[in-house]
2 protein chains.
Amino acid sequence: MELGERKRKILKAIVTDYIETAEPVGSRTIAKKYLTDISPATIRNEMADLEDLGLLEQPHTSAGRVPSDRGYRYYVDQIMEIKYPSPQEIEKIKYMLQIQTINELDKIIKRTTKLISDITKYTSAVLTPSVRKSSIRSLQLIRVSDYDIVAVVVTDTGIIKNVVIKSPNAVDDSKILKLNNLLNEKLSGLTINDIGLTVISDIQSHMREYSEIFSAIISVVYESLKEDDAEVYLEGTTNIFEYPEYDDKDKARTFLSFIEDKKSLTNIFSDDTNKFCVYIGCENENDKIKDCSIVKATYNIADKTAGTIGIIGPKRMDYARVIGILKSISNVLSEIFEKTL
Amino acid sequence: MELGERKRKILKAIVTDYIETAEPVGSRTIAKKYLTDISPATIRNEMADLEDLGLLEQPHTSAGRVPSDRGYRYYVDQIMEIKYPSPQEIEKIKYMLQIQTINELDKIIKRTTKLISDITKYTSAVLTPSVRKSSIRSLQLIRVSDYDIVAVVVTDTGIIKNVVIKSPNAVDDSKILKLNNLLNEKLSGLTINDIGLTVISDIQSHMREYSEIFSAIISVVYESLKEDDAEVYLEGTTNIFEYPEYDDKDKARTFLSFIEDKKSLTNIFSDDTNKFCVYIGCENENDKIKDCSIVKATYNIADKTAGTIGIIGPKRMDYARVIGILKSISNVLSEIFEKTL
DNA sequence: GTTAGCACTCATTACTCACGAGTGCTAATC
DNA sequence: GATTAGCACTCGTGAGTAATGAGTGCTAAC
């Protein structure tokens with residue numbers, strides 16, 4: 001859709017003002033604050049056009065205009081200029097994410113989640129990397145007691161996963177060692193999806209003597225790695241109370257109950273077909289967040305897409321700023337995780 | 001405080017009715033629903049007495065009475081009879097907690113959290129066991145690359161913890177093996193608090209040749225185990241919207257922002273001096289939850305107090321039922337965890 | 001094409017008033 | 001002396017009304 005220069009300016013003014021004030025913006029406000037050289041009447045005409053185009057909406061006859069979902073979309077795609085954090089701010093972000101002594105993957109991701117919600121003042125969500133999409137770097141069996149084995153899987157993305165295995169018959173250290181070496185040799189480098197029947201039966205043929213223990217191990221390990229284990233961390237869930245759109249109890253409730261449902265949240269954030277993505281209002285599939293917007297970006301571990309960071313908030317969101325922040329933090333994270341482990 | 005039989009009955013009626021209806025209860029209601037043989041006027045006199053004793057409160061002159069914090073306390077301590085789930089229900093709980101194929105500690109605890117909030121309709125919080133209070137059962141080093149080691153610590157309470165260690169100089173499998181054996185021998189059976197300078201220097205004396213690697217390992221492992229790693233799982237946070245006391249936006253917000261602050265939550269729930277505990281309203285130290293109640297109970301792993309389960313909700317809470325449920329679930333959990341790993 | 005003027009719409013707020021639930025007190029009753 | 005009926009009083013709640021003002025669309029003039 002091609003828009004004249006003046007219409008663009010008016011749309012921009014409306015979005016900007018509405019993001020700031022949360023009040024429908026009228027023609028007079030625009031003429032006074034944004035476009036001092038045109039009269040309110042002209043602006044009214046233009047606004048009527050923009051409404052006909054579906055970019056603006058009127059809550060009721062005697063109110064000003066509010067951007068529609070399509071209006072926000074046009075603003076995001078065609079008008080807005082991304083506001084990136086300054087180099088100093090980015091340095092500060094880097095510093096904040098690595099400030100502690102213990103800098104495990106998990107800790108950094110948790111810190112990132114908190115940081116995003118602190119900076120943006122929206123609710124942040126971060127998806128941890130999943131074992132499923134990673135390949136196995138090392139698999140180690142630890143004998144805890146005669147019948148208890150712990151399998152530790154380390155992936156190329158730096159995830160460490162533990163699986164407890166109850167062995168059907170007693171194991172000793174030498175058995176464990178043999179199994180260990182074999183499994184490691186056969187499985188390392190493979191992703192979960194690579195582990196099929198051929199691989200399993202290949203290992204099995206080398207392991208005739210311990211077949212019972214082996215099948216106990218392989219089934220539990222496989223089961224545990226197969227399940228989608230990506231988790232969503234959330235922070236700043238109560239930030240929504242800062243925004244008048246959630247003054248209404250039911251609105252707040254709907255939002256929070258959506259947030260509480262980790263499954264659908266995981267679904268949305270595990271889709272990493274795009275490095276970067278904005279969903280505005282009814283562009284969201286889930287009805288519960290038809291009046292929210294989601295902005296998300298992926299981050300890499302060892303140069304491979306591993307997880308997603310994002311925020312969720314009211315449609316009336318400072319897109320330019322949020323997008324700049326998320327893109328920057330996503331870069332910082334990928335940089336930190338460039339060499340992992 | 002000694003109360004006459006009739007006063008006890010009236011207090012009980014008021015608490016019961018208020019818990020059910022959330023409306024201040026008047027003398028007429030009591031005379032009609034609970035104590036049909038006394039007249040409203042008599043009940044009014046008794047209620048005035050109970051108010052003088054500080055057990056009841058009046059929101060305003062022309063309203064009925066509401067239990068005060070002390071009123072609830074008296075009810076919980078002296079009047080209420082705990083409503084335990086039926087044996088069938090307890091069987092169902094057991095079943096629900098172990099229904100999945102993968103029954104790791106973590107999964108069971110998460111399921112417990114969800115179950116509690118589902119059954120009680122309040123917000124549930126469960127504290128995971130902490131490494132700090134456990135003793136080390138096995139410590140295993142895994143060599144992931146020349147400079148990367150993962151230490152896996154398994155405790156007697158079934159916690160498995162991973163620590164990533166960057167070695168200052170390259171390590172090979174034989175070094176790892178030696179370190180492994182030594183650390184295992186020296187550390188297993190000890191709690192974190194037991195690991196002092198004497199133990200460390202003892203190991204160090206056996207490890208002159210690898211002193212650099214050793215100190216890298218021991219410092220990171222120690223650091224990581226020392227930090228309080230008990231986590232609080234939450235479920236049913238939006239349940240509060242069911243209760244009219246949180247109709248007010250600020251009330252809901254205060255509650256949720258308290259819930260979001262994992263630190264203070266962990267603090268409250270890590271106190272396991274009592275196997276079972278109820279905090280009513282202003283008995284809570286934190287101002288944010290002065291009009292909430294908390295009920296909590298500890299659970300055991302391998303016959304040792306390991307964590308806490310609990311709920312948090314409005315003071316107007318079905319104490320008899322909640323207490324029965326939590327005590328039962330705590331027992332079920334301890335039973336499941338009797339033999340761990 | 002732009003703008004001033006004006007009638008019209010409609011959410012918001014303040015105000016009033018009747019209603020009713022519940023109390024405390026007094027006097028009569030058991 | 002304890003219990004109860006009767007009654008005046010309090011106070012939150014909800015309905016109804018009117019004034020206010022922000023903002024619009026339309027028309028006619030510039």
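No experiment lies behind these values; they were computed from the predicted model shown. Here is the naming used below: chain letters follow the sequence lines, and residue numbers restart at 1 for every chain.
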Does [X] place a side-chain N or O at less than 4.0 Å from the phosphate oxygens OP1/OP2 of [N]?
X     : N      : result
B:T42 : D:dT4  : yes
B:R65 : C:dT23 : yes
B:R6  : D:dA2  : no

Under 3.5 Å: donor-acceptor pair, side chain of A:S257, backbone of A:R253: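 Yes, A:S257 side chain to A:R253 backbone: donor-acceptor pair under 3.5 Å.
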Between B:K290 (side chain) and B:N284 (backbone), is there a donor-acceptor pair under 3.5 Å?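 Yes; at least one donor-acceptor contact below 3.5 Å.
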Short side-chain donor-acceptor distance under 3.5 Å, B:E260 and A:T237: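 Yes, side-chain donor-acceptor contact under 3.5 Å.
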Answer yes or no: are there more than 12 heavy-atom neighbours, outside B:K12 itself, under 6.0 Å from its atom NZ?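 No - once you tally the heavy atoms of other residues, nucleotides and ligands closer than 6.0 Å, there are 12 at most.
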Should we say atom NZ of A:K262 is surrounded by more than 12 heavy atoms from elsewhere, each under 6.0 Å from it?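 Yes, because the 6.0 Å sphere around NZ of A:K262 holds more than 12 heavy atoms from other groups.
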Could you tell me how far apart [X] ([atom1]) and [N] ([atom2]) are, to the nearest whole angstrom?
X     : N      : atom1 : atom2 : result
B:D52 : C:dT23 : CG    : P     : 14 Å
A:L35 : C:dT2  : CG    : C1'   : 15 Å
A:K7  : C:dT2  : NZ    : P     : 10 Å
B:I10 : C:dG22 : CD1   : P     : 16 Å
B:D37 : C:dC30 : CG    : P     : 18 Å
A:Q58 : D:dA22 : CD    : C1'   : 12 Å
A:D49 : C:dG1  : CG    : C1'   : 13 Å
B:N45 : D:dA2  : CG    : P     : 11 Å

Does A:K110 qualify as a cation-pi partner of A:Y233, given the criterion of NZ or CZ under 6.0 Å from the six-membered ring centre and within 45 degrees of its axis?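 Yes, cation above the ring, under 6.0 Å and within 45°.
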Footprint string (nucleotides 5-11 of chain D, 5' to 3'): B base within contact, S backbone only, - free, heavy atoms under 4.0 Å: BB---BB
Just one of B:F241, B:Y246, B:Y122 clears the ring-ring contact (aromatic ring centres under 6.0 Å, His included) bar with B:F255, so which one?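 When ring-ring contact (aromatic ring centres under 6.0 Å, His included) is applied between B:F255 and each of B:F241, B:Y246, B:Y122, only B:Y246 qualifies.
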